[in-house]
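The block underneath contains the structure these notes are about, expressed in structure tokens.
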Amino acid sequence: MQLENIVPWGRSKKEYMEMFDLTQEDILNKKILGCGDGPSSFNTEVDYDDGSVVSIDPLYAYSKKEIMQRIDEVAGEVIDQVRANEDHFVWKNIPDLESLEHIRIEAMMEFLMDYEDGKEEGRYVNASLPELPFEEGSFDLALSSHFLFLYSEHMDEAFHKEGIDEMLRVAKEVRIFPLLTLTNERSPHIDTVIRHLQAQGCHTEIVRTGYEFQKGANEMLKITRA
Ligand SMILES: C[S@@+](CC[C@H](N)C(=O)[O-])C[C@H]1O[C@@H](n2cnc3c(N)ncnc32)[C@H](O)[C@@H]1O
């Protein structure tokens, strides 16, 4: 994937915990895989806590300097887009645009400060769904924040099925947030993906979460392996 096609934008550990209904005990005891974590500070902050997390993203093909430059290029555009669509968001936990920019930039700076060490330690791996370079059952939990379902217009049903099957190959449980697309509509792939997973004997559950920033995006899909 070319860097000019990636819009690096990252959330914090607090947001991940709310989106995925994670406890600090989960963070300390589970081996976690983050798929498409980009420049989020989730990995960095879990590592500070001595938890175990590996993140994969095609963004990690690039150097710290290149990612930093790309963040500089796109941050203003992303904020302008949110400003133009302010009524698509719930301004509660994040009260306004200024706070949004501050929270996101802070998370991405934390990521950048940790990126080179984390790459050396194997915590940031350049890989892309639907293929994961890990042995079967390597993780307790695999997460997708703001990647699967959100980009349903760009990635078809087959990609979603293959990607989730692959996450379930390497982890016992998968959690995906949100279930809406970029245009705030329920992803057209959800029902077929759920039927596909249930046909393999997986247990699926749509769980309401305490996190809602994109209006209506307050549910995650939780899948456990057969
Ligand atoms: C909107 S960002 C979400 C970042 C982070 N998960 C968060 O919630 O803050 C989507 C991420 O998906 C990554 N991505 C794109 N194609 C991917 C693929 N095939 N497999 C895994 N990640 C991918 C992008 O590079 C980007 O970092």
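Order of listing sets the numbers, starting from 1, for every ligand and every atom in it. The shown structure was predicted, so the numbers you read here are calculated from the model rather than taken from an experiment.
On a distance-only criterion, Arg11 and ligand 1 share at least one N/O pair closer than 3.5 Å.
The closest protein non-hydrogen atom to atom 10 (C) of ligand 1 is His146 O, 3.4 Å. In terms of protein heavy-atom proximity, atom 27 (O) of ligand 1 is nearest to Asp57 OD2, 2.7 Å. For atom 20 (N) of ligand 1, the closest non-hydrogen atom of the protein is Leu129 N, 2.9 Å. The protein heavy atom nearest to atom 23 (C) of ligand 1 is Pro58 CD, 3.4 Å. From the protein, the heavy atom lying nearest to atom 12 (O) of ligand 1 is Phe147 CD1, 3.6 Å. With respect to atom 22 (N) of ligand 1, the closest heavy atom belonging to the protein is Gly36 CA, 3.4 Å.
Taking every non-hydrogen atom of Trp9 and a distance limit under 4.0 Å, the qualifying atoms of ligand 1 come out as 4 (C), 9 (O). Within the listing of ligand 1, atoms 25 (O) sit less than 4.0 angstrom from a heavy atom of Ile6. The Ser40 neighbourhood of ligand 1 comprises atoms 9 (O), with distances under 4.0 Å to a heavy atom of that residue. Within ligand 1, the atoms closer than 4.0 Å to a non-hydrogen atom of Tyr151 are 1 (C), numbered from 1 in the order shown.
Under a 4.0 Å heavy-atom criterion, Cys35 is not in contact with ligand 1. Judged by the shortest distance from any of its heavy atoms, Tyr16 lies inside the 4.0 Å radius around the atoms of ligand 1. At least one heavy atom of Gly10 sits under 4.0 Å from some atom of ligand 1.
Residue contacts with ligand 1 for Phe111 are absent, since no atom lies close enough (heavy atoms, distance under 4.0 Å).
Looking at Thr44 and Tyr124, their side chains do bring a donor and an acceptor atom within 3.5 Å of each other.
Closest heavy-atom contact between Leu129 and Ile56: N-CD1, 4.2 Å. Nearest heavy-atom pair across Ser12 and Ser41 is CA-OG, 3.4 Å.
Under a 4.0 Å N-O distance rule, the pair Glu18/Lys14 qualifies as a salt bridge. Under a 4.0 Å N-O distance rule, the pair Asp117/Arg123 does not qualify as a salt bridge.
Listed by chain and number, the residues in a salt bridge (Lys or Arg N to Asp or Glu O under 4.0 Å) with Glu166 are Arg169 (sequence neighbours excluded). Scored by the side chain to side chain donor-acceptor pair (under 3.5 Å) test, Gln81 finds no partners at all (sequence neighbours excluded).
With Lys13 as reference, Asp49 is the one residue of Asp49, Asp47, Asp37 to meet the salt bridge (Lys or Arg N to Asp or Glu O under 4.0 Å) rule.
The distance between the ring centers of Phe177 and His146 falls below 6.0 angstrom. The six-membered or imidazole ring of Tyr16 lies away from that of Tyr211, with a centre-to-centre distance of 6.0 Å or more.
Around atom 8 (O) of ligand 1, the closest heavy atom drawn from Ser12, Ala61, Gly34, Ser145 belongs to Ser145.
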